[in-house]
Amino acid sequence: MEFEPLDQFLQRRKKLSEIESLGHAPYPHKFDWTHTPRQIAGEFGGRTAEQLTAEPVNVRVAGRIVALRPHGKAGFAHLAGDGGRVQVYVRLDVVGEQLFRLFQLLDLGDIIGVSGHLFRTKTQELTIWVERIELLSKALLPLPEKWHGLTDIEQRYRHRYLDLIVNERAREIFQRRAQIIRELRAFFDRRGYVEAETPMMHPILGGATARPFVTHHNTFDMDLYLRIAPELYLKRLVVGGFDRVYEMNRNFRNEGIDAIHQPEFTMLEFYQAYSNAADLMALTEELLRGLVESVCGATKIPYGEHEIDFSRFERLAMREAIGRYWPAAAGAPPSSAELASPGGPQAVAERYNAFARAHAAEPIAGVAGKSGGELTGELFEAIAEGHLQQPTFIFDFPTEISPLAKCREDDPSLTERFELFIAGMEIANGFSELNDPADQERRFRAQVEKGGVDAPKEVDIDYIRALSHGLPPTAGEGIGIDRVVMLLTNSHAIREVILFPLLRAAAEEQGAAPSGSATEAGGPAGASPDKKSK
RNA sequence: AGGGGCGUAGCUCAGUGGUAGAGCAGCGGCCUUUUAAGCCGAAGGUCGUGGGUUCGAUCCCCACCGCCCCUACCA
C-alpha cells in the first residue's frame, strides 16, 4: 500500500533502502535508553555548561524527530517523547562518515535513538552531543506543517495520531483525561467501593430513556442492545450484597451528535446502600471539589467566558429555578406553589409559550397532552438550565419524569432526585433508588404503555424479581465523564475530549493519505447523562 | 431536520469568468552552535464530485458528498 503524497512517500522509502544498504536494520527491535526527552530537561535542566564539562553526563535517548536543521557537515534536531523534547547536535567529525550519512538520510517524523553527553550551546540550550545515532523507525509520510500544525478539525479527528504528535494541547487534554479517571477510581476505591463490569450487550433495554444501537449474536440467534445505561445491573449487585459499587465505562445512545453529545460516551455510575439523594449531593460536592483541586491545582477554574467556582455548590428546587430564571418579558414569575397546584404547570407553560411566540423563542410543544410533571421538567429546561453556570444542584424532580427514583415521603408528586449543572451542562444525575418492586413494576408498565420511539418496549421482569429479593435503601448517581473532562480542560466540544469521536465514514480511495480519505468506520457511539436516569 | 459558512499543492492559506500563487514540507546545490536556521535552483494541482450557463468555469447556477457553526428534535 502506498499513500499520498506519493512523491514524498517514495522518496522516504528510497532513503530507507539506502539506510539498509549502509548496514542498518530498518526496523530494529530494541533501543536501550536511559532517559526520555522530557526527563533530560527535568533532571539536568539546572546544570550549567561548566558543570556539564566538569562532570560529563552520558545519556541514551529515543524519540521522534520534530525539527531538523542540517548545516552541511553538522546539524541540529529536536526529539520529542514522553511529552517533552530535547535538542541533539550531530557533527561529521564526531560521528564519522557512515553515521553522518545516516543522519543526512533522516526526515522529519523519523524515530531515532542517540547516545552522547549533554552540553549547552551558544544560546545555552541543553543539548545532546551525539556520538552514536540509530534509526529506530522510518516515517514514510511527512508530518503536518511545522508552524501552523494540523488545524483542520476533521483531519485532527480522522488522524488523531497526527494531532497528538503536532498539537501539544491535544496531548495535554488526553493526559489530563487519564489523570481524572485515575483520581475518580482512587476516590471510590478509598471508600470501599467495588468496581464492577456489567454487560454492555443487553437483551432488554433499561436504566435510561434513549434510542439504542441493536446488534446480533449469531450462536444464540439473538438481538441485543448496546447498553444505554448500566443502572439496572449495578442495582442487582447491590441486591447481591455489594453495598458500594461503581462502574466507569461506555454507554451507547443512537441519537444526535452535537457539542455535548457523542453516541459513545463514558459514564461513571455508583451506588451506595443505606444512603439517600442528599448523601450523594454531599459526596458529589466533595468528589468534584477534590478532583478540581488535584487536577487543576485550584478551586476556581476558567471555562470560556466564565470562571467556575467549585468551592460552593448551590442547591435549588426545580420549581424555584423556573421562577428565578423566568424571563422578565413574560410577566410575573410563577411561584413554586402555582407550579405545585393541579393544572398549575399547564397554565405556566401557556404563559411561557405566549412569551416565546412573541420573542422568537421555541414554545413548549403539546402542552395539553402532557402531565404537570413533564411540563415542569420542560419549563426548567427551556428557562433555567442554560443559566446554571456555577455548580448548582437542582432537586425535587417530578415523579413522572423519574421512573427509577423514590418519591419524597411527604409529596408523591416529587422524587428524591437531583441533577448537577455546571456551565449550563448536565453533569450528574442521582437519586434515592426506588426499591419497592410493586411500585417499580407499575412505573415500568406505564412507560411501556405510553410508548414512543425511546420508550422501553418490555418490562425487565428479572429486575423486578431482583427488587423482590430486597434492595436496601440505596442511592445511586451517574456522572458524565466526558463533560467533566471538558470542564477541567476548558474544552467546549465533547469530541475534543474523546480520542476518536464518531465521524461519517469517508469513502475509501486507493492511495488515500493523511489528507483524509481513509475509512474510519467507527462503531456505534454515544454521550451524556440522561434526563430520566443516570 | 432547517439556516449559515467552508472545501484550491502533503500542510497552512491567497486568488481570478480567459484552466492558478505564497510560506512550510519534499527534491538538487552551498553551509560545523542552529532553533519558524539561512542563501541559490528546480519541481509539485482533474481548484471536493457531477451536471448546467458561457466562445471559455476553479470562479456564476443546480444537485450531491464531507466538515464546521447556529437553531430545533431525539433527551
Side-chain angles (χ1 to χ4, degrees), chain A residues 3-12 14-15 49 66-78 85-95 100 103 107-109 119-127 129 139-159 162-163 166 208-212 228-229 253-261 263 360-365 374 377-378 381-382 385 401 419 426 429 452-455 480 492-493 495 501 503-507 509 511-517 520 526-533:
Chain A
F3 294 93
E4 292 290 343
L6 194 59
D7 58 332
Q8 298 194 39
F9 184 86
L10 296 176
Q11 181 64 37
R12 285 166 178 242
K14 205 173 120 197
K15 288 182 182 176
V66 291
L68 194 56
R69 294 178 295 280
H71 292 262
K73 298 189 176 60
F76 289 93
H78 271 96
R85 52 180 59 191
V86 63
Q87 180 169 263
V88 302
Y89 181 49
V90 182
R91 292 170 60 112
L92 171 60
D93 59 4
V94 174
V95 300
F100 198 77
F103 176 67
D107 287 297
L108 231 39
F119 77 109
R120 286 194 182 272
T121 62
K122 273 183 189 167
T123 58
Q124 296 305 311
E125 178 164 351
L126 189 61
T127 302
W129 183 278
L140 296 172
L141 289 169
L143 290 176
E145 203 254 359
K146 65 181 172 188
W147 190 241
H148 300 91
L150 190 66
T151 60
D152 183 283
I153 291 176
E154 181 180 1
Q155 307 283 339
R156 290 185 45 228
Y157 302 146
R158 287 199 189 278
H159 307 291
L162 290 179
D163 188 34
V166 163
T209 309
R211 288 151 75 189
I228 56 172
R253 296 188 186 174
N254 203 340
E255 295 175 341
I257 294 180
D258 62 29
I260 54 171
H261 295 84
E362 195 63 27
I364 292 168
E374 289 173 305
E378 293 192 25
E381 285 175 29
E385 196 172 16
I401 57 172
E419 285 185 355
E426 180 192 335
N429 178 16
V453 286
D454 58 356
H492 296 264
R495 47 176 206 278
L503 299 176
R504 218 175 290 269
E509 290 172 29
S515 65
S517 314
E520 242 83 13
S528 110
D530 144 295
K531 305 291 177 205
K532 301 190 174 57
S533 116

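Below, read A as the first sequence line, B as the second, and so on, with proteins coming before strands; counting in each chain starts at 1.
Note on A:Asp152: only backbone sugar-phosphate atoms sit closer than 4.0 angstrom, heavy atoms only; bases stay farther off. At a threshold of 4.0 angstrom between heavy atoms, the contacts of A:Phe119 include nucleobase atoms, whether or not backbone atoms are also involved.
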Identify all pairs in which a protein N or O lies below 3.5 Å from an N or O of nucleotides 25-31 of chain B, and state each distance.
from	atom 1	to	atom 2	distance (Å)
B:rA25	OP1	A:Lys146	NZ	3.0
B:rA25	N3	A:Gln8	NE2	3.2
B:rG26	O4'	A:Gln8	OE1	3.2
B:rC27	OP1	A:Lys15	NZ	2.5
B:rC31	N3	A:Gly72	N	3.1
B:rC31	N4	A:Gly72	N	3.4

Show the distances under 3.5 angstrom between N or O atoms of the protein and N or O atoms of nucleotides 7-9 of chain B.
none

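Rounded to whole angstrom, the span from the CD atom of A:Glu125 across to the P atom of B:rA36 amounts to 10 Å. If you measure from atom CZ of A:Phe76 to atom P of B:rU34, you get 6 Å, rounded to the nearest angstrom. For A:Asp258 and B:rG2, the CG to C1' distance is 15 Å, given to the nearest whole Å. We find that CD of A:Gln155 is positioned 11 Å from P of B:rC13, with the value rounded to whole Å. The interatomic distance linking A:Glu154 (CD) with B:rU12 (P) rounds to 11 Å, in whole Å. Rounded to a whole Å, the CG atom of A:Leu150 is 10 Å from the C1' atom of B:rU12. Atom NE2 of A:His148 and atom P of B:rA14 are 10 Å apart (whole Å). What separates CD1 of A:Ile364 from C1' of B:rC73 is a distance of 14 Å, to the nearest Å.
Helical stems in RNA chain B, defined as runs of 3 or more consecutive Watson-Crick or G-U wobble pairs with donor-acceptor distances under 3.5 Å: B:1-7 with B:65-71, B:10-13 with B:21-24, B:27-30 with B:38-41, B:48-52 with B:60-64.
Of the possible donor and acceptor atoms, none in the side chain of A:Arg69 sits under 3.5 Å from a partner among the backbone N and O of A:Phe76.
No side-chain heavy atom of A:Val86 sits less than 4.5 Å from a side-chain heavy atom of A:His78. A 4.5 Å side-chain heavy-atom check between A:Arg91 and A:Phe100 finds every atom pair outside the cut-off. Between A:Arg120 and A:Thr127 there is no side-chain heavy-atom pair separated by less than 4.5 Å. Within the 4.5 Å cutoff, no side-chain heavy atoms of A:Leu162 are placed close to those of A:Gln155. Contact of the A:Val88 side chain with the A:Phe103 side chain is not registered, since no non-hydrogen atoms from C-beta on lie closer than 4.5 Å. A heavy-atom distance below 4.5 Å is found between the side chains of A:Arg12 and A:Pro142. Contact of the A:Trp129 side chain with the A:Val94 side chain is registered, since non-hydrogen atoms from C-beta on lie closer than 4.5 Å. Side-chain contact between A:Ile257 and A:Arg495 is absent, with no heavy-atom pair separated by less than 4.5 Å.
Nucleotides B:rU49 and B:rU54 are separated by 23 Å at their P atoms, to the nearest Å. B:rA14 sits 14 Å from B:rC59 when the C1' atoms are compared, rounded to a whole Å. Separation of the C1' atoms belonging to B:rU8 and B:rG21 is 10 Å when rounded to the nearest angstrom. Here, B:rC31 and B:rC47 have their P atoms 41 Å apart, quoted to the whole Å. A distance of about 34 Å separates the C1' atoms of B:rG44 and B:rC69, rounded to the whole Å. When the C1' atom is used for both B:rG52 and B:rG17, the distance is 15 Å, rounded to whole Å. Going from the P atom of B:rU58 to that of B:rU19 covers 10 Å, rounded to whole Å. Nucleotides B:rA9 and B:rC24 are separated by 12 Å at their C1' atoms, to the nearest Å.
Mapping A:Glu362 and A:Asp93 onto RNA chain B via the closest heavy atom, the residue that lands nearer the 5' end is A:Asp93. For the pair A:Leu92 and A:Ala259, both in contact range of RNA chain B, the more 5′-proximal nearest nucleotide belongs to A:Leu92.
Regarding contacts with the backbone of B:rU34, every side-chain N or O of A:Arg69 stays at 4.0 angstrom or more from both OP1 and OP2. Between B:rC69 and A:Arg495, a contact under 4.0 Å exists linking OP1 or OP2 to a side-chain N or O.
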Test log, rule salt bridge (Lys or Arg N to Asp or Glu O under 4.0 Å), inputs A:Lys73 and A:Asp93: CA-CA 8 Å; A:Lys73 298 189 176 60; A:Asp93 59 4; over 6 Å; no

side-chain contact (heavy atoms from CB on, under 4.5 Å) between A:Gln8 and A:Leu140, intermediate numbers included: CA-CA 8 Å; A:Gln8 298 194 39; A:Leu140 296 172; over 6 Å; no

Derivation of the side-chain contact (heavy atoms from CB on, under 4.5 Å) call for A:Leu141 and A:Phe9: CA-CA 6 Å; A:Leu141 289 169; A:Phe9 184 86; 3.7 Å; yes

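With hydrogens and angles ignored, no donor-acceptor pair under 3.5 angstrom links the side chain of A:Thr151 to the base of B:rU12. In the interface, the side chain of A:Gln87 is paired with the base of B:rU34 through a donor and an acceptor atom under 3.5 Å apart.
Summarising the geometry, atom NE2 belonging to A:His492 is positioned 13.0 Å from atom CD1 belonging to A:Ile260; distances are rounded to the nearest 0.5 Å.
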